[in-house]
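A short worksheet on the structure shown next.
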Amino acid sequence: MILPVVIYLFAVFFVPIGGMLGLAVRDDELAEVMPLTVTEIAKWDGAGLPGPTAFEAVARDLTTAANARTAGTPARRLSYDDPALRGVISTTARGLKGEFAEGTDWTTRLPELDPAWGQPAVWTAIDRAAGPYSDFFVLAALDLRRDAAGSLHFAPDESRLYLDVLARTLKIAASVTAICLILALPAAYLLKSVSTGTQGLLMIVLLLPLWTSLLVRSAAWMVILQKNGIINNVLLKIGIIDAPLELVFNRTGVLIALSHILLPYAVLPVLGAMRNVSATQTLAASSLGAGPVRTFFSVYLPQIVPGISAAGLLVFILALGYYITPLLLGGPGDQLLPFYIAFNTTQTVNWGLAAALGSILLLATLLLYGVYVKLVGADRIGLG
Amino acid sequence: MKKVLHWAALATLTAIPTAGIARDLTVVSWGGIFQDAQRTVFFDPFKAESGLPLAEDSWDGGVGALRSKAEGGDANTWDVIEVEGDELAIGCEEGFLQVLDPAKLGGIEKYLPGTASDCGIPANIYSMVMAYDTKVFTDGPKNWADFWDLKKFPGKRAMRQGPKMNLEFALMADGVPQADVYKVLATPEGVDRAFAKLDELKPSIVWWTSGNQPMQLLGSGEVAMTTTYHTRVGNSNKTDGTQFKLTYDGSMFLVDSWVVMKDSPHLDNAYKLLEFMSRPAVQVKWPEQLGGGVGVTEAQTMLDPALAESLPSAPENVAVSLPLDVPFWIANIDALNTRFAAWSGN
């Protein structure tokens, strides 16, 4: 009976995720277009320059590639390692003019086409990209590089990016979670306390945003928060501020909009937990002499912790994956990791790096989930 | 046995979508008012003349999008696409674009010099310019130094997110003559200089990503000036009654191309579409729509003189603008993208 579900999960969940993890460590693009070179480079001991057979293999591979118009692929792969190498491959492929002349001394001919062939740098880059598997993309996603000798270094300052982005992603998601929880507790309490009719109305108000397109909601926030937007105009009119506040295209805009979008996910689990708390218990606490503060912290709060946990976890994990809202409402310093995944997928075409970033986000999420469960206990997370 | 049946059913299900369902020739462009205009000038008249069915799709650029289509094999649904300069060059080099036969398209000499290449013919000629609201500045900015001058022209600036063209503008603002911009940018010191100049403006920059944002940002008063595609300015003035002004001085001259996906099952019809779109009599109707320039030399001479003067392809506008150096950007885009992302994020 459960087989369809298993197949479904397998096809739409495990296969794509497995594919992504695989893509992050697969590194066979160079080998596809330059198979002879990859075979020859494996025989090289890494000292000085490789032997004449490697030079000949490069010439053969690039001649074939130039004729098949595939030289762009190894050029792109090597440019991830060092941007200058894109030019080396393109120049050489063009210089060979699609004809492999037998008997040429390629150890002098290749450096004539591009002097880089006379230096070890390009050869070590080819060696590193020989595949079929490598840690290159995963390391790049952590701002790490491997040098010729194989030891790890941080990337130079001006190209260090992804560790900051990961930290920023976690920080923004945590901020949104905190804001949502602070707003969700009174909101859920209000929903629980009012009459059934009012509750229905408030519930619609709360859930309506969930049924509106994400893009529309983000764009609406842009209109509300901009320099001549509703909020600034009202505040200026009533004289609270003298100059418009900067509420959008920065962190403020992202936090406001993300908190609004994710608020229902925080309110509902908390509401569920609150409904399970019997009103007689708080009455009993008061009759036994506890003040309102004591009653809340000793009797009420412990019983709604599972709801709060579930709400926090839900909001946090959802916030990690937001792309369009920060894109529309934030500045470049407010983009989350998904922005860079999309950037590497469609703009720089570095799918290995995109997959590695995705894998790191997935692992970071699982890790945090694990830590959280360890701290709070799995049975303390519930939807009420 | 039951399990086997399930797997067989699944296999059949997943196999169906790729089982060669016949589809029509599909042309892909940039959507919105831009593609509406192309439909009026190119697509509908082509359908009427040839009697061929023509489907449409739209995209936002990116070599990655093209590459994933190409790797889709039979699942690829795109045939003729409008691409930017770097997508044309990389796509042609990586081999997922069709090498075109110039003989079927009227020969290379039919097009403005430098606009036709192995894999593409010009689709649109346009500029990245600076624009401002004449209601805010009666005597507006004249050049990039003015764009950087926050004292003389207070207010925020909107620029396209990414290093491309912004580094060129920064160098021009820093006093580098137009002719030397790429010479300077080719050196590490030149790149540092461009980023340092951008640093001056950084707190006042709002970054835009999609072509319709600049006019919204300018119209709502969020920014005082913006960089924008020139076509958007005239269109905004026409449809929204704004009084925006642009200047071609120091603008970037850009060419989009029509390309054909390699292994397109509709290659013959794709040629027919390209040939139709590059006829001077058809091309001449294009600038009337949005003010985009034409890539066919004969069409430029057939235009109404007043209109011809306002186009980026008009000789006096070409003289003061800088053509985008596509090979420079292909060689450096990855490194500069990363550097820009790190710079802008901190």
Side-chain angles (χ1 to χ4, degrees), chain A residues 3-4 6-8 10-11 33 65 68-73 75-76 79-80 82-84 86-87 90 93-94 143 155 157-162 164-165 168 222-223 226-229 244 246 248-250 327-328 330-335 339-340 342-351 354, chain B residues 2-3 6-7 9-10 13-14 59-68 89-97 99 118-119 155-156 158 161-162 191-192 195 202 205-207 209-210 213 216-217 220-223 262 327 330-346:
Chain A
L3 193 64
V6 172
I7 291 175
Y8 179 78
F10 188 75
V33 180
R69 287 192 169 261
T70 51
T73 306
R76 173 166 46 73
S79 79
Y80 299 154
D82 176 0
R86 183 190 280 275
S90 309
R94 265 195 303 273
D143 292 336
D157 272 350
E158 71 263 15
S159 53
R160 252 157 89 167
L161 177 60
Y162 295 114
D164 281 350
V165 171
R168 179 201 301 164
M222 220 152 105
V223 175
Q226 65 187 345
K227 191 176 149 203
N228 296 326
E246 297 200 0
V248 75
F249 308 122
N250 54 24
L327 186 68
L328 287 174
D334 309 307
Q335 303 304 321
F339 171 84
Y340 296 92
F343 179 74
N344 280 306
T345 313
T346 63
Q347 297 297 315
T348 63
V349 210
N350 192 340
W351 289 358
Chain B
K2 212 170 169 192
K3 242 180 211 167
H6 276 294
W7 284 111
L10 184 77
L13 272 176
T14 50
W59 74 317
D60 287 321
V63 184
L66 282 182
R67 185 168 157 237
S68 53
I90 294 176
C92 204
E93 203 182 61
E94 290 201 17
F96 54 75
L97 297 180
V99 178
D118 278 1
C119 296
K156 295 207 162 200
Q161 187 159 316
V191 175
D192 289 344
F195 273 102
K202 191 177 175 189
I205 302 178
V206 173
W207 301 100
T209 45
S210 133
Q213 282 172 298
Q216 287 161 8
L217 291 166
S220 70
E222 189 71 34
V223 301
K262 195 167 183 178
I330 291 176
N332 296 289
I333 188 74
D334 290 341
L336 290 176
N337 260 334
T338 315
R339 176 156 177 188
F340 182 88
W343 169 82
S344 63
N346 292 323

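These numbers come from the heavy atoms of this one structure, side chains and all, not from hydrogens, waters or symmetry mates. Here is how names work: the chains are called A, B, and so on, in the same order as the sequence lines, proteins then strands, and each is numbered from 1. Note that the structure is a prediction, hence the values are computed from the model and not measured.
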Portion of Val99(B) that has a non-hydrogen atom of chain A nearer than 4.5 angstrom: side chain
Lys227(A)/Ser220(B) under side-chain contact (heavy atoms from CB on, under 4.5 Å): CA gap, chis, key distance, verdict: CA-CA 8 Å; Lys227(A) 191 176 149 203; Ser220(B) 70; over 6 Å; no
Heaviest contributor of heavy-atom pairs below 4.5 Å to chain B, chosen from Asn350(A), Asn228(A), Asn250(A), is Asn228(A)
Is there a donor-acceptor contact under 3.5 Å from the side chain of Asp164(A) to the main chain of Leu161(A)? no
What are the two closest non-hydrogen atoms of Phe340(B) and Gly162(B), and how far apart are they? CE2-N, 3.1 Å
Is Trp207(B) in contact with chain A via its backbone, its side chain, both, or neither, using a 4.5 Å heavy-atom distance? side chain
Under 4.5 Å from any heavy atom of chain A - which part of Ser68(B): both
Which answer fits Val63(B), side chain, backbone, both or neither, if we ask what part of it has an atom under 4.5 Å from a heavy atom of chain A? both
Evaluate the criterion side-chain contact (heavy atoms from CB on, under 4.5 Å) for residue pair Leu336(B) and Phe195(B); output intermediate values, then yes/no. CA-CA 10 Å; Leu336(B) 290 176; Phe195(B) 273 102; 4.3 Å; yes
Given that the side chain runs from C-beta out, which part of Asp192(B) has a heavy atom under 4.5 Å from chain A: side chain, backbone, both or neither? neither
Is it the side chain or the backbone of Ala65(B) that comes within 4.5 Å of chain A heavy atoms, both, or neither? backbone
What is the ring orientation for Phe343(A) with Phe339(A), classed by angle as parallel under 30°, tilted 30 to 60°, or perpendicular over 60°? parallel
Checked Gln161(B), Arg339(B), Glu222(B), Lys156(B) vs chain A; the most non-hydrogen pairs under 4.5 Å come from Glu222(B)
Is Arg160(A) close to chain B through its backbone or its side chain, or both, or neither, when contacts mean heavy atoms under 4.5 Å? backbone
Apply the test side-chain contact (heavy atoms from CB on, under 4.5 Å) to residues Arg76(A) and Arg67(B): give CA-CA distance (whole Å), side-chain angles for both, the deciding distance (0.1 Å), then the verdict. CA-CA 13 Å; Arg76(A) 173 166 46 73; Arg67(B) 185 168 157 237; 3.3 Å; yes
Pair Thr345(A), Trp351(A) - check side-chain contact (heavy atoms from CB on, under 4.5 Å), show working. CA-CA 5 Å; Thr345(A) 313; Trp351(A) 289 358; 3.6 Å; yes
Given the options Arg69(A), Met222(A), Arg168(A), which has more heavy-atom pairs under 4.5 Å with chain B than any of the others? Arg69(A)
At a 4.5 Å cut-off on heavy atoms, which part of Ala331(B) comes close to chain A: side chain, backbone, both, or neither? backbone
When Leu97(B), Ile330(B), Ile333(B), Leu217(B) are compared by non-hydrogen pairs under 4.5 Å with chain A, the top option: Ile330(B)
If you define the side chain from C-beta out and look only at heavy atoms, does anything of Glu93(B) sit under 4.5 Å from Arg94(A)? yes
